[in-house]
Visitor: 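What follows is a single structure, and I will ask about it in a moment.
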Amino acid sequence: MDKIAVVTGGSKGIGRACVNALIKDGYKVIDASRTKHSLDNANYNYFKTDVASEGDVKNLFDYVAKEFGRLDVLINNAGFGKFANLAETTTKDFDEMFAVNVRGLYLCCRYALKIMIPQNSGVIINMASIAGKSSIATASIYSATKHAVMGLSGALMLEVRQHNIRVVKVCPGSVDTNFFDHPGSVLTSARESILSPEDIAEACMFAINLPDNAMVSEVELRPTNPKKK
């Protein structure tokens, strides 16, 4: 039986690394993102998705159910951050970050569970952040979204474990992606000394490949020895 996975935001960064790791592990992967990842592999499928749109999310999981008939793994990776002191942010910044980082994740979980609960199995990995466990100056809105992800994920884990569905919060520290290309980035370490997207993907695969009767509910990853710029 084919193993089926959905990765949101799978076209670059951590999402792309997760897509590659899942395919290497034998999964058929649906990359649900706004831009297509150029990958010539029979197990790679692209479904154009804006997770902030409920219509897009519903269409995505309708496609998964119709085309594959099951869903084994959902990695909610889509998300972004803007950096500024709170007094200098806009309501638009707030609405856009919450629409993708929280609302989008909520919608994907809800629609994925329509497939996972009847099959009585599944793994949901929600990409949080160290920022979801602490506070970071100039990242107030982003931190708030990731605190919300932590709270939602913890409650969901308790709700769906009775259906043999495992919910995992993954909390990376600094990762070398385009996240830190934005103006006002809070990165203070040399990029070559921080985590790579592949490090995060490997942690996700560890959580996915645990025995069915075992669950790690939270994974926190930090660079071993980050070097100052």
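The shown structure was predicted, so the numbers you read here are calculated from the model rather than taken from an experiment.
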Visitor: At what distance, to the nearest 0.5 angstrom, does OG of S140 lie from CD of E88?
Guide: 10.0 Å
Visitor: In this structure, are over 12 heavy atoms from other groups packed under 6.0 Å from R222 atom CZ?
Guide: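 Open: at most 12 neighbouring heavy atoms sit under 6.0 Å from CZ of R222.
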Visitor: Which heavy-atom pair separates V7 from G15 by the least distance, and what is that distance?
Guide: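 Heavy atoms only, the tightest pair is CG1-O, 3.7 Å.
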Visitor: Start with the C-alpha gap between R110 and E54, add the side-chain angles, then the distance that decides, and say whether side chain to side chain contact (heavy atoms under 4.5 Å, CB included) holds.
Guide: CA-CA 11 Å; R110 200 179 91 205; E54 184 166 4; 2.8 Å; yes
Visitor: Taking everything shown except E202 itself, do over 12 heavy atoms lie less than 6.0 Å from its CD?
Guide: no
Visitor: First locate atom CG of L39, then atom CG of N45, and finally report the distance between them rounded to the nearest 0.5 Å.
Guide: 10.0 Å
Visitor: Looking at I200 and P172, what are the two nearest heavy atoms and their distance?
Guide: CD1-CB, 3.8 Å
Visitor: Kindly say whether the aromatic ring centers of Y44 and H37 come within a distance under 6.0 Å.
Guide: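 Between Y44 and H37, the centre distance is under 6.0 Å.
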Visitor: Heavy-atom distance under 4.5 Å between the side chains of V149 and L152, does that happen here?
Guide: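 The answer is no; the side chains never approach within 4.5 Å.
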Visitor: Side chain to side chain contact (heavy atoms under 4.5 Å, CB included), that's the test. Do D56 and V51 meet it? Break it down for me.
Guide: CA-CA 7 Å; D56 278 15; V51 297; over 6 Å; no
Visitor: Is there a path of hydrophobic side-chain contacts, each under 4.5 Å between heavy atoms of I/L/V/M/F/W/Y residues, joining L86 to V102?
Guide: no
Visitor: Within the distance-only criterion (no hydrogens, no angle test), does the side chain of N20 pair as donor or acceptor with the backbone N or O of A17 below 3.5 angstrom?
Guide: no
Visitor: Check whether any side-chain heavy atom of N59 lies under 4.5 Å from a side-chain heavy atom of F47, and answer yes or no.
Guide: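 A side-chain contact exists here, since the closest heavy-atom pair is under 4.5 Å.
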Visitor: I need the minimum non-hydrogen distance between I208 and R166, along with the two atoms involved.
Guide: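 Heavy atoms of I208 and R166 come nearest at O-NH2, 3.2 Å.
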Visitor: Determine whether L22 and I75 make a side-chain contact, defined as any pair of heavy atoms from C-beta on separated by less than 4.5 Å.
Guide: yes
Visitor: D25 side chain to M205 main-chain N or O, any donor-acceptor pair under 3.5 Å?
Guide: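 Flag not set: sc D25 to bb M205 has no pair under 3.5 Å.
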Visitor: If you take all heavy atoms of G81 and Y142, which pair is closest and at what distance?
Guide: CA-CD1, 3.7 Å
Visitor: Please output the side-chain donor-acceptor pairs of residues 122-137 that fall under 3.5 Å, not counting sequence neighbours, one pair per line with the distance.
Guide:
from : atom 1 : to   : atom 2 : distance (Å)
N126 : OD1    : N76  : ND2    : 2.8
N126 : ND2    : S153 : OG     : 2.9
S129 : OG     : A131 : N      : 2.9
K133 : NZ     : E218 : OE2    : 2.5
K133 : NZ     : E220 : OE1    : 2.6
S134 : OG     : I130 : O      : 3.1

Visitor: Report, as yes or no, whether the 6.0 Å neighbourhood of atom CG on D212 holds more than 12 heavy atoms from other residues, nucleotides or ligands.
Guide: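 No, CG of D212 has 12 or fewer neighbouring heavy atoms, counting only those of other groups under 6.0 Å.
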Visitor: Please tell me if the side chains of D199 and V175 come closer than 4.5 Å, counting only heavy atoms from C-beta onward.
Guide: no
Visitor: For residues 96-118, which residue pairs qualify under ring pair (Phe, Tyr, Trp, His ring centres under 6.0 Å), counting only residues two or more places apart or in two chains?
Guide: F94-F98
Visitor: Does N41 reach the main-chain N or O of N43 with its side chain, forming a donor-acceptor pair under 3.5 Å?
Guide: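 Yes; at least one donor-acceptor contact below 3.5 Å.
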Visitor: Applying a strict under-4.5 Å side-chain criterion to I, L, V, M, F, W and Y, I'd like to know whether I141 and M150 cluster together.
Guide: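 No: no chain of side-chain contacts under 4.5 Å links I141 to M150.
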Visitor: State, with a plain yes or no, whether a side-chain heavy atom of I30 is found less than 4.5 Å away from one of Y63.
Guide: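 They are in side-chain contact.
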Visitor: Tell me the closest heavy-atom pair linking G9 and N77, and the distance in Å.
Guide: O-ND2, 3.0 Å
Visitor: In Å and rounded to the nearest 0.5 Å, what is the NZ to NZ distance from K58 to K114?
Guide: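 Taking NZ in K58 and NZ in K114, the distance rounds to 9.0 Å.
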Visitor: Roughly how far, to the nearest 0.5 Å, is OG of S121 from CG of L71?
Guide: 9.0 Å
Visitor: Is the shortest heavy-atom distance from the side chain of D31 to the side chain of S11 under 4.5 Å?
Guide: yes
Visitor: Just verifying a value: how many Å separate I117 CD1 and L113 CG, rounded to the nearest 0.5 Å?
Guide: 4.5 Å
Visitor: Give the minimum heavy-atom separation between D50 and V57, together with the two atoms involved.
Guide: O-CG2, 4.4 Å
Visitor: State plainly whether the residues E96 and K92 are in salt-bridge range, i.e. N to O under 4.0 Å.
Guide: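 Salt bridge present between E96 and K92.
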Visitor: Side chain to side chain contact (heavy atoms under 4.5 Å, CB included) for Y27 and V73? Distances and angles first, verdict last.
Guide: CA-CA 9 Å; Y27 282 80; V73 173; 3.8 Å; yes
Visitor: So that I can tick it off, tell me whether E67 and K28 are bridged by a salt bridge, with the cut-off set at under 4.0 angstrom between side-chain N and carboxylate O.
Guide: no
Visitor: Contact between V160 and M157 at the side-chain level, heavy atoms closer than 4.5 Å - yes or no?
Guide: no
Visitor: Could you tell me whether R70 and D72 have a side-chain N and a carboxylate O separated by less than 4.0 Å?
Guide: yes
Visitor: Would you mind reporting whether T91 and D95 have side-chain heavy atoms less than 4.5 Å apart?
Guide: yes
Visitor: When rounded to the nearest 0.5 angstrom, what is the spacing between CG in L107 and CG in L60?
Guide: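 One finds 11.0 Å between CG of L107 and CG of L60.
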Visitor: Between D62 and K66, is there a side-chain N and carboxylate O pair less than 4.0 Å apart?
Guide: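 No salt bridge links D62 with K66.
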Visitor: If you apply the rule side chain to side chain contact (heavy atoms under 4.5 Å, CB included), what do you find for V216 with L210, and how did you get there?
Guide: CA-CA 8 Å; V216 53; L210 284 172; 3.7 Å; yes
Visitor: Which residue is it: S33, C18, C108? I am looking for the one with a side-chain contact (heavy atoms from CB on, under 4.5 Å) to T8.
Guide: C108
